[in-house]
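Ligands are counted one by one from 1 in listed order, and the atoms in each one are counted from 1 as well.
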Amino acid sequence: MRLDKYISNNTSLSRKDVAKQVKLGNILINGKKAKSPDEKIDENSSQITLNGKVITYSKFVYFMLNKPQGVVSATTDLKQKTVLDLLPSEYKKLGLFPCGRLDKDTVGLVILTNNGVASHKLLSPKSGVEKTYLFQCAEDILESDIKNIEQGILLRDGYVTKPCKIVLSNKKEGKITITEGKYHEIKRMFGATGNKVTFLKRISFGKIILDEQLNEGEYRPLTMNEVTYFER
Ligand code: URA
């Protein structure tokens, strides 16, 4: 594997950053200064250090993406831009997929990974992972609507949603925290009260919080702490 790929997959450094660090002489391969970012290393046996710290190899990779509107949460689509199209093409071969789906017009936090087992565990209804969204509705939201949604509301298809938490910031906007991920769930919850969601942004998934530094369309690798949560 290339040195820059190894480091960018296992740290928050981009390949450009790796090239800089190589030039500065901060990266050692088995104790010797790396000569170039495309140097070949053995991910199973080479010891790679950056400023004296060992960079450990992870079979899996994880990215946080701030999804813009108009992009679908899929791995491929013949006609529409997918969340994977927002990453450099060299990442395509890593086998990444989005951990859970956001609607095409929903923005915000999407985790991209190739760890199917961890992703499946966190998405399972049993896991009860909290997902928080900022929302805006077309009409004023009544106190009674909040109560009805919070305690679990009957959707048109007969499904009753799990209890959730809503905090309003004004009559039309607020934060909602849900623990499941049914199709169009939040839109259908407000729809059941006769309202309409006009904006939706996911800001957290369990303990992973959307990085405010990321503009829409931007991504970064998960930090070690975030990965630990993801793999728990
Ligand atoms: N609920 C929705 O209605 N849409 C999303 O994208 C996510 C949750």
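If you look at Val197 next to ligand 1, there are no close heavy atoms at all, none under 4.0 Å.
Geometrically, ligand 1 and Tyr133 share no nitrogen or oxygen pair separated by less than 3.5 Å. For ligand 1, the polar-atom distance check against Arg101 finds no nitrogen or oxygen pair separated by under 3.5 Å. The distance criterion of under 3.5 Å between nitrogen or oxygen atoms is met by Ile186 with respect to ligand 1. In terms of polar-atom proximity, defined here as any N/O pair under 3.5 Å, Arg188 makes no such contact with ligand 1.
Side chain of Asn215 to backbone of Glu218: no donor-acceptor contact under 3.5 angstrom is found. At distances below 3.5 Å, not a single donor-acceptor pair connects side-chain atoms of Asn115 with backbone N or O atoms of Phe60. A donor-acceptor pair under 3.5 Å is absent between the side-chain atoms of Ser8 and the main chain of Leu13, judged by distance alone.
Within the listing of ligand 1, atoms 4 (N), 5 (C), 6 (O) sit less than 4.0 angstrom from a heavy atom of Thr106. Counting atoms of ligand 1 from 1 in the listed order, those under 4.0 Å from a heavy atom of Lys187 are 3 (O). Interface of Leu200 with ligand 1, defined as ligand atoms under 4.0 Å from a residue heavy atom, comprises 1 (N), 2 (C), 3 (O), 4 (N), 5 (C).
Taking atom 4 (N) of ligand 1 as the reference point, the nearest protein heavy-atom neighbour is Asp103 OD2, 2.7 Å.
Cluster partners of Met224, using a side-chain heavy-atom cutoff of under 4.5 Å among ILVMFWY residues and allowing indirect links: none.
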Expected list for residues 138-147: side-chain donor-acceptor pairs under 3.5 angstrom, two or more places apart:
unit_1: Asp140; atom_1: OD1; unit_2: Lys172; atom_2: NZ; d: 2.9
unit_1: Asp145; atom_1: OD2; unit_2: Leu142; atom_2: N; d: 3.3

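Met189 has its side chain out of reach of Phe135: every pair of non-hydrogen atoms, C-beta onward, lies at least 4.5 Å apart.
Ion pair Glu150/Lys165 flagged as a salt bridge, since at least one NZ, NE, NH1 or NH2 atom sits closer than 4.0 Å to an Asp/Glu carboxylate oxygen.
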